[in-house]
Amino acid sequence: MRDAYHEELDSIGDGLVEMARLVGSAIGRATTAILDSDLKLAEAVIEGDQRVDELQHELEARAITLLARQQPVATDLRIVVTSLRMSADLERSGDLAQHVAKLARLRYPDRAVPHDLHATILEMGQLAQRLMAKAAEVIITKDVDLALQLEQDDDAMDLLHRTLFQHLMDDRWKHGIETAVDVTLLGRYYERYADHAVAVAKRVVYLVTGEHADDLQSDIKPTTHVEGA
């Protein structure tokens with residue numbers, strides 16, 4: 001019985017990793033769709049989000065069954081509860097990737113992103129994908145130092161987000177109000193996506209240590225880039 005119980009706990013972790021990988025791929029493909037005005041790819045991202053939702057529902061069902069049948073305590077209870085919270089973060093990340101794809105579909109055959117902001121949005125999309133890949137690695141390895149580093153890596157996304165607003169507030173902006181709204185929304189989607197990746201990592205810290213990440217002191221220095229997956 002205990003072996004089956006721990007296998008079920010492991011399966012919850014496996015489900016989280018699969019969700020992280022799916023939403024990581026989704027934000028990468030959504031970024032390509034928005035920049036290339038690729039309707040077929042945008043539709044694929046939108047439809048693919050259903051699988052993320054299904055995984056979350058499956059994970060919730062397994063977690064509730066464990067809580068009801070096994071009544072876990074201490075560390076095991078923390079694993080179940082924290083996993084439920086992580087699944088919510090990952091599901092929301094999938095929604096944000098879907099929002100990017102929906103904007104690509106809305107503006108098709110036109111492009112939502114003006115040429116002079118193409119590089120910035122591309123960088124935001126690539127960074128978001130790498131942050132989520134690192135979050136998946138944190139789930140697998142339970143590496144607290146790596147988890148704490150993720151929040152430092154997120155500073156790069158905040159900087160890119162501010163860069164977008166600098167363009168929008170520039171007197172030389174010539175792309176109109178509709179495009180300004182689109183770019184504002186995109187910036188928010190990527191910034192929030194990164195926040196959810198960080199939240200997943202923070203929850204792993206709590207899962208491992210029983211302490212909140214913000215309360216821990218780390219000697220990790222800010223990184224200037226995020227390593228590729």
Chemist: I'd like to know if D195 pairs up with R192 as an ion pair, taking the criterion as any Lys NZ or Arg NE/NH1/NH2 lying under 4.0 Å from an Asp or Glu carboxylate oxygen.
Modeler: yes
Chemist: At what distance, to the nearest 0.5 angstrom, does CZ of R162 lie from CE of M169?
Modeler: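 If we round to the nearest 0.5 Å, R162:CZ and M169:CE are 15.5 Å apart.
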Chemist: Just how far is it from atom NZ of K134 to atom CD of E137, taken to the nearest 0.5 Å?
Modeler: 7.5 Å
Chemist: So do the side chains of Q56 and L90 get within less than 4.5 Å of each other, counting heavy atoms only?
Modeler: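 No, their side chains stay 4.5 Å or more apart.
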Chemist: How long is the span from the CD atom in Q126 to the CG atom in L131, to the nearest 0.5 Å?
Modeler: 12.0 Å
Chemist: So which of T179, L164, L122, T163 actually passes side chain to side chain contact (heavy atoms under 4.5 Å, CB included) with L117?
Modeler: L164
Chemist: Under 6.0 Å from the CZ atom of R85, do we count more than 12 heavy atoms belonging to anything else shown?
Modeler: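 Incorrect, the count does not exceed 12.
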Chemist: Judged by atom type as modelled, is there a donor-acceptor pair below 3.5 Å linking the side chain of Y193 to the main-chain atoms of G94?
Modeler: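 Answer holds: no.
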Chemist: Give a yes or no on whether V138 and I140 share a hydrophobic cluster (residues Ile, Leu, Val, Met, Phe, Trp, Tyr; joining criterion: side-chain heavy atoms under 4.5 Å apart).
Modeler: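 Yes, it is one cluster - the side chains of V138 and I140 are joined through contacts under 4.5 Å.
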Chemist: Mind checking the CZ-CZ spacing from R203 to R78? Nearest 0.5 Å is all I need.
Modeler: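 Between R203 CZ and R78 CZ, I get 14.0 Å after rounding to 0.5 Å.
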Chemist: Quick check: is L106 connected to Y108 through a chain of hydrophobic side chains (ILVMFWY, heavy atoms under 4.5 Å apart)?
Modeler: no
Chemist: Of the non-hydrogen atoms in L150 and A135, which two are nearest, and what is the gap between them?
Modeler: CD2-CB, 4.2 Å
Chemist: I'd like to know whether CD1 of I177 has more than 12 heavy-atom contacts from other residues, nucleotides or ligands below 6.0 angstrom.
Modeler: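 For I177, atom CD1 is not crowded (no more than 12 foreign heavy atoms under 6.0 Å).
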Chemist: Given the rule in the side-chain contact (heavy atoms from CB on, under 4.5 Å) test, do S87 and L16 qualify, once you have shown the distances and angles that lead to the verdict?
Modeler: CA-CA 6 Å; S87 74; L16 290 171; 3.9 Å; yes
Chemist: Determine, for R51 against E54, whether the closest basic-nitrogen to carboxylate-oxygen distance falls under 4.0 angstrom.
Modeler: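 Answer for the salt bridge query: yes.
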Chemist: Contact between V113 and L186 at the side-chain level, heavy atoms closer than 4.5 Å - yes or no?
Modeler: yes
Chemist: Would the distance check show the side chain of D170 and the main-chain N or O of W173 forming a donor-acceptor pair, the cut-off being under 3.5 Å?
Modeler: no
Chemist: Looking only at non-hydrogen atoms, find the nearest pair between V45 and R29 and report the distance.
Modeler: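 V45 and R29 have their closest heavy atoms at CG2-CB, 3.7 Å.
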Chemist: Within a strict 4.5 Å, meaning less than it, do heavy atoms of the I12 and L84 side chains meet?
Modeler: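 Side chain of I12 against side chain of L84, heavy atoms only: no contact under 4.5 Å found.
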Chemist: Considering non-hydrogen atoms only, spot the tightest contact between A213 and V205 and give its length.
Modeler: CA-CG1, 3.9 Å
Chemist: First locate atom CG of L127, then atom CG of D154, and finally report the distance between them rounded to the nearest 0.5 Å.
Modeler: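 Atom-to-atom, L127:CG and D154:CG are 7.5 Å apart.
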Chemist: For residues L168 and L103: do they belong to one hydrophobic cluster (side chain heavy atoms under 4.5 Å, members Ile, Leu, Val, Met, Phe, Trp, Tyr)?
Modeler: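 Yes, one cluster joins them.
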Chemist: State whether the side chain of R105 and the backbone N or O of A42 hold a donor-acceptor pair below 3.5 Å, judged by distance alone.
Modeler: no
Chemist: Name all residues meeting the ring pair (Phe, Tyr, Trp, His ring centres under 6.0 Å) criterion together with H161; count only those two or more places apart in sequence or in a different chain, and write none if there are none.
Modeler: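 So H161 forms a ring pair (Phe, Tyr, Trp, His ring centres under 6.0 Å) with F165.
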Chemist: Classify the ring geometry of H99 against Y189: parallel below 30°, tilted from 30° to 60°, perpendicular beyond 60°.
Modeler: tilted
Chemist: Indicate, with yes or no, if L35 and V100 share a hydrophobic cluster defined by side-chain heavy-atom contacts under 4.5 Å among Ile, Leu, Val, Met, Phe, Trp and Tyr.
Modeler: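 Yes, because V100 and L35 connect within a single hydrophobic cluster, where side-chain heavy atoms sit under 4.5 Å apart.
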Chemist: Run the side-chain contact (heavy atoms from CB on, under 4.5 Å) test on V52 and D49 for me, step by step, so that the C-alpha distance in whole Å, both residues' side-chain angles and the decisive distance to 0.1 Å come before the verdict.
Modeler: CA-CA 5 Å; V52 176; D49 188 56; 4.0 Å; yes
Chemist: Looking only at heavy atoms, which two atoms of S93 and H196 are closest? And how far apart?
Modeler: OG-CB, 3.2 Å
Chemist: Tell me whether M132 is reachable from L160 by hopping between hydrophobic residues (I, L, V, M, F, W, Y) whose side-chain heavy atoms are closer than 4.5 Å.
Modeler: yes
Chemist: Before accepting this row, confirm whether a basic side-chain N of the pair E43/K40 lies closer than 4.0 Å to the acidic partner's carboxylate O.
Modeler: no
Chemist: If you measure only the distance, is there a donor-acceptor pair under 3.5 Å linking the side chains of R62 and S11?
Modeler: yes
Chemist: Would a distance-only check, ignoring hydrogens and angles, find a side-chain to backbone donor-acceptor pair under 3.5 Å from S37 to D110?
Modeler: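 Pair found, side chain donor or acceptor close to backbone of D110.
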Chemist: So which atom in I27 and which in A128 form the shortest heavy-atom distance, rounded to 0.1 Å?
Modeler: CG1-CB, 4.0 Å
Chemist: For Q129 and G24, which heavy atoms make the closest approach, and how far apart are they?
Modeler: CG-O, 3.3 Å
Chemist: Knowing that exactly one of E91, M86, E58 qualifies, which makes a side chain to side chain contact (heavy atoms under 4.5 Å, CB included) with M19?
Modeler: E91
Chemist: Is the number of heavy atoms from other residues, nucleotides or ligands within 6.0 Å of CD (E60) greater than 12?
Modeler: yes
Chemist: With side-chain contact (heavy atoms from CB on, under 4.5 Å) as the criterion, how do R21 and E18 come out once you've worked through the C-alpha distance, each side chain's angles and the decisive distance to 0.1 Å?
Modeler: CA-CA 5 Å; R21 288 174 173 165; E18 185 176 356; 5.8 Å; no
Chemist: Side chains of D89 and R92: closer than 4.5 Å at any heavy-atom pair?
Modeler: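 Result no, sub-4.5 Å side-chain heavy-atom pair not found.
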Chemist: Rounded to the nearest 0.5 Å, how far apart are CD of E123 and OG1 of T120?
Modeler: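 Nearest 0.5 Å value for the CD-OG1 distance: 7.0 Å.
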Chemist: Y190 vs L96, test: side-chain contact (heavy atoms from CB on, under 4.5 Å). Steps then yes/no.
Modeler: CA-CA 8 Å; Y190 286 114; L96 290 163; over 6 Å; no
